[in-house]
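For reference, the structure is listed below as structure tokens.
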Amino acid sequence: MEKIKMTTPLVEMDGDEMTRILWQMIKEELLLPFIDLKTEYYDLGLEHRNETDDQVTVESAEATKKYGVAVKCATITPNAARMTEYHLKEMWKSPNGTIRAILDGTVFRAPIKVKGIDPCVKNWEKPITIARHAYGDIYKNVEIKVPGEGKAELVYTAKDGTVVRETIHEFQGAGILQGVHNTDASIRSFAKACFNYALDTKQSLWFGAKDTISKKYDHNFKDIFQEVYDTEYKEKFEAAGIEYFYSLIDDIVARVMKAKGGFIWACKNYDGDVMSDMVSSAFGSLAMMTSVLVSPTGVYEYEAAHGTVQRHYYKHLKGEETSTNSVATIFAWTGALRKRGELDGIRELAEFADKLEKATLDTIESGRMTKDLALITSLENVTVLNSGDFIKEIRRTLEMGVS
Ligand code: NAP
Ligand code: MG
């Protein structure tokens with residue numbers, strides 16, 4: 001069989017620990033035998049980030065802007081323990097944070113639905129996609145640990161010298177302080193990314209914030225969304241038969257629990273961080289959640305929503321068998337390949353992505369799966385596979401379908 005040719009390279013961002021091992025296996029078993037894979041490779045493994053003073057992360061994001069599509073492996077976000085473990089020069093920032101800041105994107109996370117893995121919320125028949133604003137709020141905060149009595153103020157100095165000043169609190173004793181911000185430009189591109197994605201996928205858009213309590217900050221999000229909707233999207237939404245609505249975040253949460261799914265839930269940065277883990281675990285497993293960062297200029301970066309699965313990696317290092325689920329990482333590749341195929345007009349590439357996804361789901365539905373899924377499946381007589389064998393079984397299913 002002739003391999004599928006590519007014209008533009010994918011930006012390939014390699015990563016850390018167990019997902020780095022899976023990355024290699026996926027390429028060898030599921031991609032390289034079928035595609036003349038063209039990638040521009042960036043090693044975002046922590047060692048190499050440290051060697052390059054994290055420049056490699058910036059370069060990979062710049063390359064993504066240039067080519068338009070990237071696929072990323074999970075990476076370690078350093079903390080104190082990692083400083084010692086990897087002898088780091090600095091506690092490098094989260095690569096995802098750096099990439100998001102450069103691409104100014106919105107992260108869309110959707111669970112992968114498969115027969116036999118049923119959501120714990122019985123009425124969720126269709127996936128719920130979380131759209132997470134990926135800029136600002138507490139992720140760009142400034143904090144002070146207040147040592148004792150004193151006055152805390154919020155001060156803004158305009159370019160012309162005008163000062164706006166508000167008292168935050170008159171401290172009688174020790175406490176804490178936090179300053180957060182966002183920009184109209186970023187909120188506007190968040191809104192546009194959500195409306196575009198809703199139209200693309202023909203799903204309604206829900207957005208919730210806390211404007212009753214946060215009368216300026218959260219209210220600004222609500223107002224910008226409404227303005228962008230009314231001026232640019234209302235008619236398109238009506239024509240597509242989908243809707244946009246805003247409500248208080250608590251009301252949205254209550255509605256989500258009662259809903260059937262099949263919509264996009266736009267969340268502020270922190271809400272999206274937390275809610276995507278809730279939604280993915282409720283749908284079955286962290287390992288069954290896809291994630292794509294979409295920039296307002298139409299640049300895409302695909303990844304799995306989970307981390308580097310450190311606990312499994314340490315087992316792997318000790319020579320013990322692991323049963324790590326590679327589905328979300330496979331879907332990161334298929335998402336990127338499909339998008340590349342669409343952009344470059346290579347039909348076979350997009351079709352291959354569809355086939356590989358189907359082979360992955362068929363393998364699970366036939367009862368062959370990793371341990372995390374075996375623990376929660378409603379299927380009977382399942383075979384629990386180790387990390388490598390699961391990928392080999394997917395290849396077998398794929399080749400049966402291809403030949
Ligand atoms: P994690 O890697 O998501 O894993 C947490 C636990 O979830 C695992 O121990 C495992 O549970 C289960 N799990 C996650 N993915 C799985 C998979 N594919 N197959 C089977 N089980 C899976 O989170 P973490 O251990 O908190 O973080 C590890 C590292 O990942 C950290 O250094 C963190 O900075 C990084 N991280 C990176 C990203 C990213 O690059 N996007 C996102 C999050 C975290 P059991 O142990 O019970 O089997
Ligand atoms: Mg999180």
Side-chain angles (χ1 to χ4, degrees), residues 13-23 25-26 42-47 49-50 54 56-57 60-61 70-86 88 91-100 103 105 107-109 111-112 114 117 130 132 134 139 272-274 276-278 280-293 301-318 320-333 335 360 364 369-377 384-391 394:
M13 304 168 173
D14 207 345
D16 288 299
E17 300 194 312
M18 202 58 211
T19 42
R20 190 181 178 98
I21 310 275
L22 298 178
W23 195 260
M25 291 177 179
I26 291 168
Y42 292 86
D43 183 1
L44 266 53
L46 186 51
E47 261 171 56
R49 272 183 278 149
N50 192 49
D54 208 22
V56 64
T57 308
S60 72
V71 56
K72 180 180 172 292
C73 179
T75 47
I76 293 169
T77 298
N79 56 15
R82 303 297 198 164
M83 292 288 289
T84 345
E85 185 183 354
Y86 284 84
L88 300 182
M91 202 185 287
W92 307 110
K93 287 196 188 134
S94 147
N96 286 49
T98 304
I99 295 165
R100 275 177 216 146
L103 300 180
V107 176
F108 295 90
R109 289 195 170 158
I112 301 160
V114 55
I117 310 295
I130 299 258
R132 173 180 171 191
Y139 302 83
D273 185 349
V274 177
S276 65
D277 283 13
M278 186 196 74
S280 67
S281 353
F283 267 104
S285 162
L286 257 183
M288 297 294 280
M289 186 86 160
T290 62
S291 183
V292 55
L293 175 73
E301 183 246 311
Y302 294 83
E303 61 176 327
H306 60 78
T308 61
V309 211
Q310 178 183 22
R311 209 179 63 80
H312 295 206
Y313 181 60
Y314 288 170
K315 278 175 73 176
H316 170 83
L317 287 182
K318 280 194 265 170
E320 291 171 31
E321 191 169 76
T322 59
S323 181
T324 314
N325 187 334
S326 46
V327 173
T329 307
I330 295 171
F331 273 61
W333 276 100
T360 305
I364 298 169
M369 60 190 78
T370 45
K371 192 175 157 195
D372 57 314
L373 297 183
L375 287 171
I376 56 170
T377 186
V384 180
L385 299 167
N386 66 34
S387 309
D389 285 349
F390 177 59
I391 291 172
I394 295 172

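When a ligand or atom number is given, it counts from 1 through the structure's own listing order. Fair warning: this is a prediction, and the values are worked out from it, not measured in the lab.
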Practice task
Compute the shortest N/O to N/O distance between E17 and ligand 1 and return yes if it is under 3.5 Å, no if not.
Solution key: no
Problem - Nitrogen or oxygen of G307 less than 3.5 angstrom from that of ligand 1 - result: yes
Practice task
Check each heavy atom of H306 against ligand 1 and say whether those closer than 4.0 Å belong to the side chain, the backbone, both or neither.
Solution key: both
Practice task
Measure the distances from the heavy atoms of K72 to every atom of ligand 1 and state whether one is below 4.0 angstrom.
Solution key: yes
Practice task
Provide the number and element of each atom of ligand 1 under 4.0 Å from a heavy atom of I76.
Solution key: 32 (O), 34 (O)
Problem - Polar proximity ligand 1 side, T324 side, N/O cut 3.5 Å exclusive - result: no
Exercise for the section: Select one of side chain, backbone, both or neither to describe which atoms of M18 lie under 4.0 Å from any atom of ligand 1, heavy atoms only. Expected result: neither
Exercise for the section: Under 4.0 Å, heavy atoms only, figure out whether ligand 1 is touched by the backbone of T370, its side chain, both or neither. Expected result: neither
Problem - Closer than 4.0 Å: a protein non-hydrogen atom to atom 24 (P) of ligand 1 - result: no
Problem - Matching residue for F390 among V327, T324, L373, V384 - test: side-chain contact (heavy atoms from CB on, under 4.5 Å) - result: V327
Practice task
Would you indicate whether the side-chain heavy atoms of I99 and K72 approach each other to under 4.5 Å?
Solution key: yes
Handout entry: Distance under 6.0 Å and angle within 45° of ring axis: R132 vs Y139
Key = yes
Problem - T77 neighbourhood, listing ligand 1 atoms whose heavy-atom distance to it stays under 4.0 Å - result: 32 (O), 34 (O)
Exercise for the section: Mark whether atom 21 (N) of ligand 1 lies under 4.0 angstrom from at least one protein heavy atom. Expected result: yes
Problem - N/O separation below 3.5 Å, S323 to ligand 1 - result: no
Problem - Nearest neighbour in protein (non-hydrogen) for atom 4 (O) of ligand 1 - result: V309 CA, 4.1 Å
Problem - Donor-acceptor pair between T308 and D16 side chains, under 3.5 angstrom - result: no
Problem - T75 N/O under 3.5 Å from ligand 1 N/O - result: yes
Handout entry: Side-chain donor-acceptor contact under 3.5 Å, N96 with S94
Key = no
